[in-house]
Amino acid sequence: MQSSEILSHLAENQAVLTGHHFVYTSGKHGPAYIDMRRIGHQTDFLRQLGFEFSKRLSTYRPDIVVGPETLGRTLATHTAIELGDLPAIWCDIVDSESGEKKAVFSEKMNFQRLLPGKRILIVDDLLTTGQSLRLTAEAIREFDVEVILAGAVVRRTPDVIAADCTVPKLEVLADVEGFELFTEEECKVSGPCSRLVPVVLRPGHGWKWQESNPDYAGGFINLAV
Ligand SMILES: [Zn+2]
């Protein structure tokens, strides 16, 4: 599956939304949003993505595939099957006591017992800052593993590279172009705020922005599924 086919499929299924007015986790505004939940149930598409990861990463001979919740978990399973029925495990990204995010393996599953001495492949759906892959790599590195590779289906920010995820090898299946980001002030001058485009409450953090800007003249809409 070519990058262009992956991007077309995401666009056809509204997993890449454009021409709206979103507020991101960072607080910045912009016209586009990637909502991978829209394809999270599509086993055929996810299988093809798993096949793509296996094709591009099998030469690195991973032993285990790890996926951070949510969609990374399903992708890990599909990728592991394509790599020859390897073990597939997952971890959760949670808020630690200090308020920072961290990746943890569930005590109930005790998956970390499988990690020492192994070559690990981490796969995830969306790469924005590299945080999920980096946190997952950090959690895995505590278990004396041999090497950690990473794969992401789509990348929103082209300058995010393997080093940002603290891995030696990062394979991205498709880059989504044209993500314009505005600070709140910039948005009022030349972004969607300046044209009074309705702010999307969900997906994204528009609902939070609404709390401090309830009288925004462009109004609000909901695009959540
Ligand atoms: Zn705005």
Side-chain angles (χ1 to χ4, degrees), residues 3-42 45 49 68-72 75 92-96 98-103 124-136 152-161 163-165 170 172-225:
S3 296
S4 57
E5 292 174 85
I6 293 171
L7 294 175
S8 314
H9 185 88
L10 294 176
E12 282 161 19
N13 288 271
Q14 288 86 47
V16 178
L17 300 161
T18 52
H20 292 284
H21 186 185
F22 294 97
V23 180
Y24 307 111
T25 320
S26 63
K28 288 189 174 167
H29 293 204
Y33 194 89
I34 301 176
D35 186 7
M36 295 296 273
R37 291 174 311 160
R38 305 222 180 200
I39 54 89
H41 59 289
Q42 297 180 353
F45 183 55
L49 297 175
E69 289 275 19
T70 313
L71 203 46
L75 284 165
D92 293 296
I93 308 286
V94 300
D95 290 313
S96 68
S98 63
E100 302 270 285
K101 298 248 182 233
K102 68 171 186 178
D124 203 3
D125 54 345
L126 174 62
L127 189 62
T128 48
T129 62
Q131 179 181 252
S132 295
L133 289 177
R134 177 175 56 79
L135 294 175
T136 305
V153 177
V154 286
R155 172 164 52 191
R156 199 188 78 183
T157 325
D159 52 354
V160 174
I161 56 169
D164 297 299
C165 311
L170 170 68
V172 175
L173 301 186
D175 277 297
V176 181
E177 309 282 337
F179 262 77
E180 250 183 311
L181 294 177
F182 301 90
T183 64
E184 269 200 70
E185 287 311 309
E186 288 165 351
C187 201
K188 283 178 198 157
V189 177
S190 59
C193 277
S194 72
R195 299 187 299 279
L196 297 180
V197 179
V199 165
V200 177
L201 296 170
R202 286 188 169 86
H205 281 63
W207 58 274
K208 202 164 180 186
W209 190 79
Q210 185 188 34
E211 288 170 7
S212 45
N213 300 272
D215 301 323
Y216 170 60
F220 299 90
I221 57 166
N222 191 358
L223 297 178
V225 284

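Because only heavy atoms are used, hydrogens play no part in the values below, and waters and symmetry mates are left out as well, while side chains stay in. Order of appearance sets the numbers: ligands from 1, and atoms from 1 within every ligand. Position 1 is the first residue of the sequence; numbering continues from there.
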[X] side chain near [Y] side chain, heavy-atom distance below 4.5 Å:
X: Leu75; Y: Asp124; result: no
X: Phe22; Y: His205; result: no
X: His21; Y: Cys187; result: yes

| note | Sorted by chain and residue number, the ring-ring contact (aromatic ring centres under 6.0 Å, His included) partners of Phe179 (sequence neighbours excluded) come out as none

| remark: Excluding water, the protein N, O or S atoms sitting under 2.8 Å from the Zn ion (ligand 1) are His21 NE2, His29 ND1, Cys187 SG, Cys193 SG

| message | Would you say Glu186 and His29 are linked by a side-chain donor-acceptor pair, where the criterion is simply a distance under 3.5 Å? | response | no

| Within 45° cone and under 6.0 Å: Arg156 NZ/CZ vs Tyr24 ring | yes

